[in-house]
Every structure is written in structure tokens, then in C-alpha cells.
2 protein chains.
Amino acid sequence: MGNSRVTVRWVAEKAGVSPATVSRVSRGSTQVSPELRDRVLRVIEEHGYRPSHFGRALAEKRHGALGLVFPGLSGPYFSELIQGFESEALETGDQVFLLASHYRADTDAKVLDLAARVDGMAIHAGTVSEAAVEEVARQIRVVIMAGEAGPAQASVSTDNSTVGDLTRHLIVDHGYRRLAFVGHPEGSPDVTARWLAFLAAHREAGVEPPADPVRLGLAQSDGAIAARMLLDEGRPPEAVVCANDETALGLTLGALGRGLRVPEDIAITGFDDMPMAALVRPGLTTVRQPVRELATTTARLLHAPLTQKDGDTVLDTEPVLRGSCGCPDGATRPTARTGGDG
Amino acid sequence: MGNSRVTVRWVAEKAGVSPATVSRVSRGSTQVSPELRDRVLRVIEEHGYRPSHFGRALAEKRHGALGLVFPGLSGPYFSELIQGFESEALETGDQVFLLASHYRADTDAKVLDLAARVDGMAIHAGTVSEAAVEEVARQIRVVIMAGEAGPAQASVSTDNSTVGDLTRHLIVDHGYRRLAFVGHPEGSPDVTARWLAFLAAHREAGVEPPADPVRLGLAQSDGAIAARMLLDEGRPPEAVVCANDETALGLTLGALGRGLRVPEDIAITGFDDMPMAALVRPGLTTVRQPVRELATTTARLLHAPLTQKDGDTVLDTEPVLRGSCGCPDGATRPTARTGGDG
DNA sequence: TATGTTCCTGAAACCGGTTTCAAGAGACCG
DNA sequence: CGGTCTCTTGAAACCGGTTTCAGGAACATA
């Protein structure tokens, strides 16, 4: 029934009206008399007429769709990101098209292709080349998530400096001196900022930081690999700051599986405050970031008028102290930047 | 530069040719003389002309895109699924549009909307209502992944009966008598089949199965919740068969965090053989399924001619024995269905 | 009755591509 | 030199909607 044979003109003829009237009925315009409306609706119903997306988009000069580009889908971070973005797009009746780069080389081409099918695009920082972003921004509105934007785009990100607070907490409040950092600073702007905050906190506290981070990805399996690298060698660190919760949990699993105790033998922290962080024992000390707000803000910016000056929005984050850093499993705030009270 | 102002006709006038010629050049037809081709290419290059997706799709009556619908993005299973699907679609020059349902109620509407923008759609079983699938199948070609298809669609799935082999292995080879199953059979056809295989193996071995499964989702956090439900009560099971690796790892984390040993205090198995399964200690006993092949087969079916009789494809799976069930951490095959050799 | 409003409707143009078809130019053949 | 064939090119139709614009009917007002 719902065949592609049925077009406006076909329905029009069948109902004995003009294509204009069919169009008006199908878009719900009030400018049609009740009798004609009924007649048209009956034909539409009976033959399962659905306006072609082709024709409508061409005539309206808009797709009614937004693009969302991000690196991969491991874990709840992107899941939350996507859900937030979609719920906001729902408000404006837009469809969302997802594009996961998987860090593949042909991502730029796909993004360009996608740009021809959507009205605006949100791009997670670090997934697409700068040149491709510029090119897309030339055609449609672009917002960068979790990173800085070029002059032509807006951006929304979260405050990564809280990793510095967490690091200070480990050094000052718990007295750890030999820390490690798991994450690949060159891999994404977020990790870069977290690594720099980690270093800055060491400098401030007068403690020698590790020469290099443990350069691994953000998946849980990377945390398991980190466990092998850090725990199977001579002298494990006292505390490990992970770039996100995923790796922190992978590392925890590796430590426990090796018979180590957390935090007595090794303290571990993450970033994101994903649901698992509160469910594991001991609870994972981490940083809570408003992922959903990041997504909804981005979606809203994509709908703002093009003329508006956007600038870069930075959302607040906060430390969440649980058992894995050595705190009792009820959270408190870490030592403030100006002075320490143990 | 790359303004939307530049259309075929505009470029044509600028280059002193007809729109037909511009179209021919832009699609790479050989039926154009070198001089004209050069002239047109120069104008295209200079003004950044990009054929409107609207117009092209309307004229060609195809979108050059496939839809992929699945419930969520937790973990590597869907990541692998998506990558496999995309790599196959790349072969045919198709764009892939992802739609994650997140088990939300408005998924049917989104799927219908998506159906108007793609040439074919792969739908992961259990994400969309039967009625919506039928409706979509009426408009475009549909393939069901990981579940059974209605009469109008094809399907590709993997063999879940291997969970029975694994269960038998736990009962016969390791002598466990009190087993639990973590997963929600009503949630997806895959879990249904795994739960039934779990029950069948009990019946076959003459061992009393648990009255009910532990009805939880497929995320790692569900495994952590299962740990709370199974381990904090009076009498924990000797072995737990989890519906997938994610939950198995969440459960493992919960068990280790409570000071239990795996497999001495509790044996645990999963399904998927994701990368983490081999990285944790002890290694996770699980079932390997060809997720990538599942995806590529699906994508290929979407391109097959519409007239072809499709039927349902079932891909093989195999058990992978590691330390978490009690085996030594080098894998062997479990007891065959006909007889046991301990 | 003449005039002015308001409301409804359809003809036609338009969105931006592709493709068919026929015409014109030039090459080849007898 | 006339006829046929091949190659290149542009005019025009087409894909399936939306929207402008003007005409006609019904109704109100003077």
C-alpha cells in the first residue's frame, strides 16, 4: 500500500483537487475547507501517501536534520552525549545523524558527505581534521564539543582543571608522592588539558611528576593494559590518575585480579563519574562533568541564529571523592587551592 | 566561497556551457570534450561548487545511504557492529546513518522518519515494534540483525545455543550444581535464546535450574548490580552465566571488590569475547561470536536485488575457555554434547 | 445594486540536480 | 561528392514537493 508511486499529483487527481491543496492538507495548513480536507485525507489514508523527503527538502531548502560526529562509542560517555543531543533536537523536530569516526582515515570524507545532508553539525574535538572542519563550517553551522573552536565556529567544553584539584588531593591530603597518569595527551584536547592540570598540580606542590604519561586510549581495555604495564614491573606507583572512568575501572579490575588492594596498595582516580563509579567497591574517586548539559547546550547553539556571536562556553565540573583514593566511601571536598587542611 | 548560491545553472552560465554539461562533468562522465571539461572544472574549483544533495537525490531517486538501528552503544559489541557495517557500506559508496533507540518510546517515529531518507535499513532485533518494522519494510528493504525476521524481511543472527555447551561444561566438567543466569530474556531475542539454552542444558544434565534469571540489562553497571543481588545475600551461586561479557565483567569487578576469588569462590562466564575478556585476570570464559561478519553480511543483504529470496542466516559461534570458569588459563574445548570426558 | 472584504482554490513557477532526445559538426566510406 | 556513422552539445522534460499569486465565490456594507 504505502507505495512510492503515490505522489502529490497522483493524490490530487484521485481526490479531484489540485496538488497545492494536497500539499496544504499534508502540512496541516488551516486554509482548506472541511469537505476538501476530508476528501484528501481519505485518499491519503487509503493509499498510504507519505510526502517524499526528497521533494520536501528540496522545496523547503532544509533537511530537518543535525549531524553529530564523535570518535567512538565505548562506554556511557558518548551514550549520554548522544541522548542529550537527541532529546534537544527532538524539541525542534530535527532528526539526528550520528557519525562515529573510529579514528579512521576516511572520516574527513564522510564528514563532508554528511555536511550535504544536514542543517548543522556538532563535532567532537579531535575527530576531524582542522581543514575539514573549516570546509564544513563554510557550508553549514558547526559547533565543537569538548575542545576549542576555530574563528568560524562556536564551542562547548567542560572544565578539565579539576583534575588538578584531584591530583593535589592525592598529594596533599593523602601524602602520595609517586603518581602515574594514564591517557594519551595527543589524542584529544580533553586529555591534553587533564595531563597539563596533573603536571601543574605537581609543580605547585613541589613534587616531581612522572616523566611521561602512560600513553593509552580511553577504552576499558586500555586500563587493563595499563595494569599490565604499571603493576607487573618493578615498582608500581602509589596512585594513578586516569584520563577517564573507563580506564580507571579497567585498571582497577587489573589490580584486583592481581591480588592488590585498592586503595591500600594502589589508589586510582578517574574522570566522568559514570554509573559504574558509584557501584564498584571501593567507589571510584572521579570528576563529575555535566555530559548531558554539554550535549544540550551544543544542540541549542546549532539552532541559534547564524549572526549571533558565540564564543566558547565552558561548563563546570566537580570532584567526587569515594573510596578508591583512600577517602572513606562518603564523599567530601578535596583540599582547596589556597592552603590545605588534610 | 563554498556558498550554496552556486548551482548547476549558475556554474553553467559562468563557464558558458549548458547545465547538462556541468552535470556531466561533475559526475565524471566521459562524454565531454577536454576543453569544455577544463573550463567547467576551473569554475567548479574556483567557486567551490558542490552538487546539492537535495537535487541529486530527487533526480536519481535514491539517497545513497543506509540506516542502522540498534538499542544503545554500551561496549564494544555495537562498536564492532557499526564498524563492520560501515566498512561494507563504504564498498558501495553508501553513507551510513546510525539511530540508537536507547529503549525510548519515540523510537518507532524516528525509524519511520529515517526510512524516508535511506535506501535500506538494518534493524537490531528488539529495538523497534513489529508494526514499525512492517511499515518500514513496505517502503524500503529491511534486514533484521540478531533476531528473527517477519515474512517480508531477511535476517542475520548468531548461534546462541553455544551457551548451552558452556552451561553443560560448568555442570559436567566442573561439577557446579547451583548456577545463576544474569540477563533479561524478555529484553532481546538474543538473551531469550541464551536463557533457553541455559535451561535446556540443565534439563539435559538432570540438574535443577534456578527458578528465575536475574533480570537485568546488558551494561557493565548491570553486572555490578547483579553482584550486589547475588553476593550480598545468604547463599551465592557457585557459577554465574551472564548474558554478555559486559555484565560478566561488572560482576567480576563486584566479586573481586568484595574479596571473593574467581573462580575459586565463584565461577563466571560471558558472551561476546570482547577484548577485555582476554585481558582480565583470570581470563573470562565466554562465547566468541563473529560480530563483524554479522554486520557485513547484513550490509551485503541490503544491497542484494529485491527479488531474491533471503531467508534467515545463522552464523556459527564457539566457546572460549579461560580461567574464570575454573579451567587453566589456556583454552580447550568443553565436553561435547554426546558424552563427557571431564 | 454597486463596492469592498474575506476566504478558498488551482495554475504555474520554483527548488537543483539528471537524463533523454535531437541537432550539428566532423570523420569515414564508397 | 553524397551518404552514413560517431561524437559532442544544449534544450527541455522530469523527479516530488511547496508557495506565490490571482481569480472566483460568498458575504457584508453603503
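Letters A, B, ... are given to chains in the order of the sequence lines, protein chains preceding strands, and every chain is numbered from 1.
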Q: Using a cut-off of 6.0 Å, state whether more than 12 heavy atoms not belonging to B:Arg62 lie near its atom CZ.
A: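 Enclosed.
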Q: Mapping B:Val32 and B:Leu58 to their closest nucleotides on DNA chain D, which lands nearer the 5' end?
A: B:Val32
Q: Pull out every protein N or O sitting under 3.5 Å from an N or O of nucleotides 17-20 of chain D, one pair per line with the distance.
A:
residue, atom, partner, partner atom, Å
D:dG17, OP1, A:Ser52, N, 3.1
D:dG17, OP2, A:Val8, N, 2.6
D:dG17, O5', A:Tyr49, OH, 3.0
D:dG17, O5', A:Ser52, N, 3.2
D:dG17, N7, A:Arg9, NH2, 2.6
D:dG17, O6, A:Arg9, NH2, 2.7
D:dT18, OP1, A:Arg27, NE, 3.0
D:dT18, OP1, A:Arg56, NE, 2.8
D:dT18, OP1, A:Arg56, NH2, 2.8
D:dT18, OP2, A:Ser23, OG, 2.4
D:dT18, O5', A:Ser23, OG, 3.4

Q: So if I take the C1' atoms of five pairs at each end of the helix from C:dT1-D:dA30 to C:dG30-D:dC1 and get each local axis, what angle do the two axes make, rounded to 10 degrees?
A: 50°
Q: When the distance from CZ of A:Arg39 to C1' of C:dC8 is rounded to whole Å, what number comes out?
A: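 Atom-to-atom, A:Arg39 to C:dC8, this comes out as 13 Å.
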Q: Output the rounded distance in Å from CG (A:Leu36) to P (C:dC8).
A: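 That distance rounds to 10 Å.
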Q: Please say which of B:Phe70, B:Phe78, B:Phe85, B:Tyr103 ends up in a ring pair (Phe, Tyr, Trp, His ring centres under 6.0 Å) with B:His124.
A: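 Considering B:Phe70, B:Phe78, B:Phe85, B:Tyr103, a ring pair (Phe, Tyr, Trp, His ring centres under 6.0 Å) with B:His124 is found only for B:Phe78.
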Q: Does the B:Arg141 side chain pair with the main chain of B:Leu301, one donor and one acceptor, at a distance under 3.5 Å?
A: yes
Q: Can you tell me which residue among B:Leu36, B:Leu41, B:Val43, B:Val8 is in a side-chain contact (heavy atoms from CB on, under 4.5 Å) with B:Val22?
A: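 In the set B:Leu36, B:Leu41, B:Val43, B:Val8, the residue that makes a side-chain contact (heavy atoms from CB on, under 4.5 Å) with B:Val22 is B:Val8.
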Q: Whole-Å distance between C:dC8 P and A:Glu35 CD?
A: 10 Å
Q: Which residue in the set A:Leu302, A:Leu66, A:Ile140 passes side-chain contact (heavy atoms from CB on, under 4.5 Å) when paired with A:Val118?
A: A:Ile140
Q: Regarding A:Asp94 and A:Thr92, do their side chains bring together a donor and an acceptor under 3.5 Å, going by distance alone?
A: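 Result is yes, a qualifying pair exists.
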Q: Distance check needed: D:dG16 P versus A:His47 NE2, whole Å only.
A: 17 Å
Q: Tell me whether A:Lys14 is salt-bridged to A:Glu46, with the criterion being a basic N under 4.0 Å from an acidic carboxylate O.
A: no
Q: For A:Leu294, does its backbone N or O pair with a side-chain atom of A:Thr297 as donor and acceptor, under 3.5 Å?
A: no
Q: Provide, to the nearest angstrom, the distance between the CZ atom belonging to A:Arg62 and the C1' atom belonging to C:dG16.
A: 18 Å
Q: So, is A:Lys61 close to the C:dG16 phosphate, meaning a side-chain N or O under 4.0 Å from OP1 or OP2?
A: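 So the side chain of A:Lys61 is within the cut-off, an N or O lying under 4.0 Å from OP1 or OP2 of C:dG16.
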Q: Just how far, in rounded Å, is P of C:dC15 from CZ of B:Phe54?
A: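 Those two atoms, CZ and P, are 13 Å apart.
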Q: A:Glu88 and A:Thr296: side-chain donor and acceptor closer than 3.5 Å?
A: no
